[in-house]
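First up is the structure itself, then whatever we jot down about it.
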Amino acid sequence: MANEERDGYDPSSVEEKWQRLWEERGTNTFTREELENAENPFYNLMMFPYPSAEGLHVGNIYAFTGADVHGRYQRLTGKTVFEPMGFDAFGIHSENFALKIGTHPMDLIPSNVRNFTRQLKRIGGMFDWNHSVDTTDPSYYKWTQWVFLQFFKAGLAERKEAPVNWCPSCMTVLANEQVVGGACERCSTPVEQRRIAQWFFEITKYAQRLLDNLEHIDWSPTTLKAQSNWIGRSTGAQLHFPIVNGKGEETGASIEVYTTRPDTVFGATYMVLSPEHPLVDRVTDDGLRAPVYAYIDKASKKDLVARQKADKSKTGVPTGGYCRNPATGELIPIWVADYVLMNYGTGAIMAVPGHDTRDFEFATQFDLPIVRVVAGPDASSDTPLEEAYVGAGKLVNSGDFDGTDTTESVDIVTRWAAEAGWGEARVNFRLHDWCISRQRYWGPPIPIIHCEACGPVAVPEADLPVVLPRVEDFKPDDSGVSPLARVEEWYRTTCPECGAAARRETDVSDTFLDSGWYFLRYPSADFDDRPFDPAITKKWLPLNTYIGGNEHAVLHLMYSRFITMVLKDLGHIDFEEPYEVFRAHGLIIADGAKMSKSKGNVIVPDPIIDEFGADTFRTYLMFLGPFEEGGDYRPQGIQGPYGFLHRLWDTVVSAVAGPPDVDVERKVHQTIRQVSEQLPALQFNTAVAALMECLNAIRAGGRSALRAEVEPMVVMIAPFAPHVAEELWERLGHEGSIFDGANWPDFDEAKTIETSIVIAVQVNGKLRASINAPVDVSEADVVVAARAEENVARHLEGVMERRVIYVPGRLVNFVVG
RNA sequence: GCCGGGGUGGCGAAAUCGGUAAACGCAGGGGACUUAAAAUCCCCCGGGCUUCGGCCUUUGCGGGUUCAAGUCCCGCCCCCGGCACCA
């Protein structure tokens, strides 16, 4: 428990004092001139929060504190650290919450932002509040719209039809997270899919580059892996299967399929088209139109989530149409089934039931032929298939290719197909284009004007921002379009090109577009004539460290890399990777689950800070466990860091002058070395432990500390406990902030060296004694001393000694037997 | 199902390249100081046995490699996060 009478350290008064002084002195803020002229610039970024009504929770603070500790350490080593903070405040969460409580988001967000700002100041983050951003501020989204226009003008923003979740009862578009078990979360009506025109950014054009650059950026390995899997590059072939008419004659048209296993083409016994495939109509036999259309209708009524989460039982219908397998020359039937997705590959597959699990299930269910074309080591060409065989082996039942090993068969068969003119090697990506349209209210309007004569026309840059109007009734309604489409006085305008009456785009853009470029805006947040000032951008970007959660490994971190690449190609910036270093922190969970309001396990920081102070709380969070792994939040251990900071205070204020104690001095230098290594590696928990250990050594037996011992301790605790460090620094007689002037201590290598060491003595790997020896002891001396140990001698008696293993400075092991 | 990350005392955890398992802290126990309490300092703290010298055992489970395995290899089980018919 907090005890105010304990001694002179009163966290709340120290913290109030220093937060006030930081603000008055501008300790953490920069003027434009300071940013322009900074020496050793270090841009330390963390993921800006969505300002919810509940305020910051412990999970947020954990992430920000870790990043702040890192930034403060860099600053103490002499870097000019720019550490901005902002608010990602547009989006469906705010909108839904505003609807629920009946407050307009334009009123709700500013009050949430105020509360977040208060909390962020209270935890002692080194934030530059002169360079904050709020994505809902027109002075910010003006430039989000500008980014859209750059993509539009470069031909990278394309309008095309795409399916959305549609609730036929609410008559509105739903986001995936609003679909619960295939039904609308509000009215429980089964959700359908509908196709509407939407804007897409063509990220797939950059897929290879986004993948290639992963080779040379310094990111957490887990995040790199997630990005690489998400891009999902695969190599294979595109094959053409000619469509035949009722008499078996080729019609000139063909079905294009993408496959990673073109070598199994001899086993393709049927074709499957996705229900949305444009050729379905053409191949369907007149007599089967009714069931085929019924099937397609049913498939289209499934919502997108259910469609993708269907269980293993397959559905489908035959079209009555046929095409020719170009390898075997045989006619094979064409089916329609929804296990084939229109948005991957070509939307059509050649089914090889012998060697693909899904095709096998489908063929079994509909009694389609299954042919073995690969034989593993224990099989031959006529070994029956109980299930799909997906392993390696040799081709069988494959004409001239029988006996070809699967290690080379893909290349060989692809070459043959290419020579014969029915296929070619092909690279395919899993990554889809990025749909940035939202049929919603709470976002930046997409800056496009639709003109009947000119088509979609960019809003002239001089006319930005296209301001989101205040609409009291922003609830989606039965019009089936964005709420802005009901505001006629807003959307009616004239075409910037021909002057004719025209209509504004009424969709708003995705929040990932807001967050896709915010790091470019921070240093230029006080510029109004450009999205980012070229000189300042050149000085501060690409940024030095980005620390954030791995839940953004694929969306935000991929989109912002893509935007950066495009802006580079368009000549706006001169780098293409925004984050040289990215580190993923772990997740703080409570009671075995992610903190969430619905689970009721959200822990709010304010009462903890009231009781123990921000410095203790910060130190505790960092001491809890490895920062990059996260872990369970348990409040029990906070007493440890609390007592530690109190003891540190007592020790510092009572430090005296005097001659150094060699053992304590050695410990201090060892600690400086360890903490200096561990802080840049984000190993905060062990760094705090080292500081505790060092303080224990300084205070051992109740001895009085020396000034020379405590001064480095004050600097080293400063990243974790900045307020108390400032106060103690001042009490040690220093002027100004501890964070100004590169105060990080140096260590003297010579003073870290131990004079004597402990060497373990083992017999057959079991510890039997340990001996003290001088640090430069010889192997021979160690062995002699080890034998002299009574307990060792007993275990060596009467047995044959076979080997002696000596690990210098660590152990000696007698192998006997 | 696939891809990541984990599993070590009552609890949070630590452990360079394979080299004394449990640093640091919480909780608990004992002692010193104190009229008392707090704070502070010292000691104990995985389990079992002990003649108090020690001995055996212990890092999710089962095997293996090695003088030596928490760490490497093979096969399982469980927990967390992400993705979900990707041809």
Side-chain angles (χ1 to χ4, degrees), chain A residues 1 3 5-7 221-223 225-226 228-230 232 234 236 257-261 264 272 305 307-312 314 337-341 343-352 356-359 361-362 428-432 549-551 553-554 584 586-587 589 592-594 620 623-626 628-641 643-644 646-647 650 685-693 696 699-703 758-770 790-791 794 802-817:
Chain A
M1 291 302 279
N3 186 330
E5 291 167 50
R6 198 155 138 176
D7 54 37
T222 54
T223 316
K225 185 88 185 163
S228 163
N229 289 347
W230 189 260
S234 67
V257 302
Y258 171 75
T259 174
T260 56
R261 293 297 304 276
T264 62
V272 186
V305 180
R307 172 71 192 279
Q308 284 170 14
K309 282 194 177 173
D311 54 29
K312 290 291 168 199
K314 302 275 182 289
D338 68 1
Y339 81 92
V340 174
L341 307 175
N343 58 12
Y344 185 77
T346 61
I349 60 156
M350 65 173 199
V352 184
D356 179 279
T357 319
R358 296 151 302 175
D359 296 343
E361 283 166 18
F362 192 82
N428 199 48
F429 294 95
R430 204 195 80 118
L431 187 70
H432 303 335
N550 235 356
E551 67 270 27
V554 289
L587 199 65
I589 56 181
K594 211 191 227 177
Y620 174 59
F623 182 59
L624 204 63
E628 291 179 85
E629 281 171 34
D632 244 329
Y633 179 81
R634 291 234 172 72
Q636 288 85 348
I638 196 165
Q639 204 56 239
F644 167 66
H646 275 86
R647 284 191 295 278
D650 292 346
N685 56 330
T686 47
V688 172
L691 291 170
M692 288 175 167
E693 221 175 300
N696 290 346
R699 291 170 62 89
R703 82 182 265 280
V758 177
I759 293 176
V761 184
Q762 299 180 336
V763 178
N764 275 358
K766 283 193 165 36
L767 184 70
R768 296 302 176 194
S770 49
E790 194 194 327
N791 199 36
R794 213 175 55 220
R802 300 188 185 277
R803 278 168 79 185
V804 179
I805 286 160
Y806 177 63
V807 182
R810 297 206 74 118
L811 64 71
V812 60
N813 186 15
F814 295 93
V815 184
V816 302

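In what follows, every chain begins at residue 1, and chains take the letters A, B, ... in the order their sequences are listed.
Checking B/rU20, B/rA87, B/rC55 against every side-chain atom of A/Asn791, the shortest atom distance belongs to B/rC55. Side-chain proximity of A/Pro626 to the nucleotides B/rC26, B/rG4, B/rA13 is greatest for B/rA13. Distance from the side chain of A/Leu341 is smallest for B/rA87 among the nucleotides B/rG25, B/rA87, B/rC83. Distance from the side chain of A/Arg810 is smallest to B/rG19 among B/rA23, B/rA87, B/rG19. The nucleotide whose nearest atom lies closest to any side-chain atom of A/Lys225 is, among B/rC3, B/rU20, B/rC56, B/rC3. Which of B/rG5, B/rC26, B/rA87 sits closest to the side chain of A/Gln636 comes down to B/rC26. Listed nucleotides: B/rC86, B/rA23, B/rA87. Nearest to the side chain of A/Arg358: B/rC86. Taking every side-chain heavy atom of A/Arg699 into account, B/rC41 is the closest of B/rA15, B/rC41, B/rA27. Nearest nucleotide to the side chain of A/Arg647, out of B/rC41, B/rC85, B/rG5: B/rC41.
The nucleotide B/rC2 finds its pairing partner in B/rG82, both defining distances of the Watson-Crick or G-U wobble pair being shorter than 3.5 Å. Across all strands shown, nothing is found opposite B/rC17 as a Watson-Crick or G-U wobble partner with both distances under 3.5 Å.
Within 4.0 Å of A/Gly701, counting heavy atoms only, lie sugar-phosphate atoms of the nucleic acid but no base atom. Among the heavy atoms of the strands lying under 4.0 Å from A/Val758 is at least one base atom, whether or not backbone atoms are also near.
Close to B/rC55, at under 4.0 Å from its OP1 or OP2, lies no side-chain N or O of A/Lys766. At B/rU66, none of the side-chain N or O atoms of A/Asn813 fall inside 4.0 Å of OP1 or OP2 (strictly under the cut-off). Considering only side-chain N and O atoms, A/Arg703 lies nowhere under 4.0 angstrom from the phosphate OP1 or OP2 of B/rC41.
Under the 90° criterion around 0 for the glycosidic angle, B/rC17 counts as syn. Classification of B/rG53 as syn follows from a glycosidic angle within 90° of 0. Anti is the conformation of B/rG29, whose glycosidic angle sits further than 90° from 0.
In this structure, A/Asn343 places its CG atom 13 Å from C1' of B/rA84, rounding to the nearest Å.
Nucleotides B/rG12 and B/rG28, compared at atom C1', are 16 Å apart to the nearest Å.
Between A/Phe362 and A/Tyr339, the ring planes lie tilted relative to each other; the angle falls in the 30° to 60° range.
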